[in-house]
Amino acid sequence: MMSDENLINRLCADLVPVKPLPRPAVFALIPALASLVAVAVCVALFSVRGNLFAAVRLPEFWVDSAGSLILFILAVSALGTMSFPGLKQRLWLVSALAGLTAAKLVWFIGQSLGLGPDETRAGLDPVGWKCFAMAASFAALTALVGFYWFRKGATPRPAVSGLLLGLAAISLGAAGVNMHCPSLNSLHIAIMHFTAPLLVGLAAGTFAGRRAFHW
Amino acid sequence: MTGKNSPGGSIRPETEERLAILMRQSQDGDRAAYQRLLTEVRDVLKPFVRNSFMRLGMPPDNGLDDVLQEVLLGIHGKRATYNPGQKFMPWMYAIARYKIIDFLRRTHRERKRFVTLEGELEIAELFSDFDAGGTGASGAKRDAEVMLSELPDKQRTVLRLVKLEGLSVSEAARRTGYSESDIKITTHRAIKVLRDKFKGVGR
């Protein structure tokens, strides 16, 4: 094994000036904007839902879309803070993330309980899997941007960072699919747009984060 | 300043200030400042890493220097994540903590793997009873020698040292000149060879 002195001399010889990374909020904003633009372009390519103007009058649309976007922003912010060693995670941010995810799931359950049998069947309609695939694809796009970008940081908790990235990616994916899919069926939106991709995204994010964010 | 930001004990504010200045100069490419910074960081972190090892029940001589060097490498590789407006010590300790945990996880995994190897070794020992006359200690040893004779030179030497002579992995590594991981792998392979060769014998 090399002695400490030798290692220090070697590191000093390798030293080149580095530009400190921007503040956590700005650091997180860059991949967030890139992902938003990428997903918006994809939605435009796949076509925006025809009943958008009718949908925006419904509170469900806002809970689904705006709720997903807020989750995305919160998760990316938490990820940004986590990329800088020594910075304490803000408690309100973690609470908001957990609270909002739980609230969204409870909202979906509440909505689904009031549905009739036909609508319930529609939730698992084979066509619905298209939305699942689309949400997962949008999320994968965001995840790719995120893994590339946040590796510049130095998270002390790679698995948690991966989980947060999974949550952020799925939330943006869900918001994107809500802009494309014309369905107003709560169960379909709950399962195919958010919950099923979320489970996959959290597991995949944690798994990949352990490897991708290890330094 | 004590508490959260100075897990290694009390850190004087002037130390924090000095290290922060050295870090800023290092980010600008000042090699002399960087040399001083890394030397000081090593001295500050040594007791912290040792205490962490002791708290976690790890013998400090078992990897302390490795961890310290990994922390220095971590600081070097991720120096861009230090924000000049931020305190230096919490940043440094966060990197040190991460590297200690990472090291312990890796060590734990290796230890678990070796426990598995030892388990296999016990299985191999059972094979030594394949000869009905080999129930006594000398008989078992003789049978073990017969089994060892089936192995290639390197595997035979390593297995004899580790199992029959009872040497630890590091002692066997010193004696043979192989690395510790080489000893573990060779032991594992030798056991596999024996198991395949003597499967079902004496049952």
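Every chain is numbered from 1, with letters handed out A, B, ... down the list of sequences. Small disclaimer: the values here were computed from a predicted structure and weren't measured.
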(message) How close do B:R42 and A:E5 get, counting heavy atoms only, and between which atoms?
(response) NH1-OE2, 2.6 Å

(request) Would you mind telling me which of B:D102, B:N83, B:T39 has the largest number of heavy-atom pairs within less than 4.5 Å of chain A? (result) B:D102

(message) Can you tell me which portion of A:L11 sits under 4.5 Å from chain B's heavy atoms? Options are side chain, backbone, both or neither.
(response) both

(request) Would you please go through residues 207-215 of chain A and name the residues with a non-hydrogen atom below 4.5 Å from one of chain B, in numerical order? (result) A:F213, A:H214, A:W215

(request) Could you grab the distance from atom CG of B:L38 to atom CZ of A:R10, nearest 0.5 Å is fine? (result) 14.5 Å

(request) Show your working on side-chain contact (heavy atoms from CB on, under 4.5 Å) between A:N9 and B:Q35 and close with a plain yes or no. (result) CA-CA 7 Å; A:N9 289 337; B:Q35 178 114 30; 2.8 Å; yes

(message) To the nearest 0.5 Å, what is the distance between CG on A:L7 and CG on B:D65?
(response) 11.0 Å

(message) Checking an interface table here. Which of residues 72-84 of chain A come within a heavy-atom distance under 4.5 Å of chain B?
(response) A:S83, A:F84

(message) Which heavy atom of A:V16 sits nearest to which heavy atom of B:R79, and what is that distance?
(response) O-NH2, 3.0 Å

(request) Rounded to the nearest 0.5 Å, what's the gap from OG1 on A:T155 to OH on B:Y98? Could you check? (result) 7.5 Å

Run the side-chain donor-acceptor check on residues 17-37 of chain A: report pairs under 3.5 Å with partners two or more places apart or on a different chain.
unit_1 : atom_1 : unit_2 : atom_2 : d
A:S35  : OG     : A:P31  : O      : 2.7

(message) For B:Q86, which atoms come within 4.5 Å of any heavy atom of chain A: side chain, backbone, both, or neither?
(response) side chain

(message) Per the side chain to side chain donor-acceptor pair (under 3.5 Å) rule, what does the pair list look like for residues 18-33 of chain B, sequence neighbours excluded?
(response) B:R18-B:E40

(request) Indicate the atoms forming the closest heavy-atom contact of B:H76 with A:D14, along with that distance. (result) NE2-CB, 4.0 Å

(message) Tell me which of these, A:G86, A:C12, A:A13, has more heavy-atom pairs under 4.5 Å with chain B than the rest.
(response) A:C12

(request) Below 4.5 Å from any heavy atom of chain A, which atoms of B:Y82 appear? Answer side chain, backbone, both or neither. (result) backbone

(request) Please check if atom CZ in B:R156 has more than 12 non-hydrogen atoms from other residues, nucleotides or ligands closer than 6.0 Å. (result) yes

(request) To the nearest 0.5 Å, tell me how far A:S3 OG sits from B:Q69 CD. (result) 7.5 Å

